[in-house]
Student: 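Have a look at this one.
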Amino acid sequence: MKKWEENVRRVIPYTPGEQPDFADMIKLNTNENPYPPAPGVQAKIKELCAEELRLYPAPAADALVEGLAACYGLAKEQVFVGVGSDDVLAMAFLTFFNSKKPVLFPDITYSFYDVWAGLFHIPYECQPLNDRFEIVKEDYYKENGGVVFPNPNAPTGVELPLADIEDILQHNEDVVVIVDEAYIDFGAKSALELIEKYDNLLVVQTFSKARSLAGLRIGYAFGSPALIKYLNDAKYSFNSYTMNRPSLALGAEVLKDDAYFRETTAKIIATRERTKKELAALGFQFGDSKANFLFVTHPDYPAKALFEALREKHIFVRYFAKPRIDNYLRITIGTDEQMDALITFLRAYMK
Ligand SMILES: *Cc1c(COP(=O)(O)O)cnc(C)c1O
């Protein structure tokens, strides 16, 4: 190691799911939405003009913040936006997790949490999910420097009931509690209603999954005006213009079409429930996912071999070579036709 390398802030980075590019592929590996964004987004794209890009975007991202506030019945002081919820979460870790006590999150969870903790030198302690892959609320009652978990959890899809989230909040009034609701629109109950009661609760959501806009990179957080102000103070100390002009315009647009949002999320939920039955019939085991993916294992077929066999056929799913979950596959819910192709392949493979 060179002398200068001793002072490098070294991290083991997060590994995103691969983005393969084959004409014939069935891409069920990064929880994207199989349906296009709301039609208004396509129309709005045509209205955008290159001349606008000459100017900086609005630093407070007003159009998007006001759109979100109106859509969710909040004041704009309760809304923070960022470049995907990854950016929002990273900013929240940086801003709120600044204690010498460990931040608590599940052992099986979104694999970015330990990366941000490493990057920002935040001590953390993982709390094991029980053997049904559920969060055990009592594990979060001990002294800590903050709490973060996704609901539903990723990559398990398992929901933590709102009453349990409130119990965790009641035991954690002295730290910030972050609920990462990337998949909340697929049937779980949001903690949003609790932000009025708990000024230390930050609820983080995204347009990447349920709004079909992973490519735009828009995430947001809801919380008390005090929390949001702290987040904005950190953001303006880092990069004032995080949200680009096209994202602001298109993000505000997507919020206008509630009917399309409801229709496409309902379709994904219906496909998910049907896929659960098909996979159960093939002998797969899984928890009751409330997300747009299933996290499945099979007693007779090792996940890694299945993953590779699917990949050969250009059916991409996600496999994590990690403790406790290295015999599982995470399968994004696609269209009915895509899930049929997956089931047809599995049926033949298991013969
Ligand atoms: C997908 C995902 C995110 C990040 O999504 P963005 O595209 O950055 O908005 C955050 N948390 C969890 C649990 C996710 O699965």
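We count ligands from 1, going down the list as the structure has it; atoms in each ligand are counted the same way.
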Student: Is Glu5 salt-bridged to Arg10, going by a charged N under 4.0 Å from an acidic O?
Tutor: no
Student: Quick one: do Arg274 and Asp340 make a salt bridge, cutoff under 4.0 Å?
Tutor: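 Asp340 and Arg274: salt-bridged.
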Student: Is the shortest side-chain N to carboxylate O distance from Glu273 to Lys277 below 4.0 Å?
Tutor: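 The answer is no: the pair does not qualify as a salt bridge.
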Student: Can you tell me if Phe238 has over 12 outside heavy atoms packed within less than 6.0 Å of its CZ?
Tutor: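 Open: at most 12 neighbouring heavy atoms sit under 6.0 Å from CZ of Phe238.
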Student: What residues come within 4.0 Å of ligand 1, counting heavy atoms only?
Tutor: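 Gly84, Ser85, Asp86, Leu89, Tyr110, Ala154, Asp180, Ala182, Tyr183, Thr206, Ser208, Lys209, Arg217.
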Student: Same cluster or not: are Tyr110 and Val88 linked, directly or through other Ile, Leu, Val, Met, Phe, Trp or Tyr residues, by side-chain heavy atoms under 4.5 angstrom apart?
Tutor: yes
Student: Between the side chains of Lys267 and Asp336, is the shortest nitrogen-to-carboxylate-oxygen separation below 4.0 Å, so that they form an ion pair?
Tutor: no
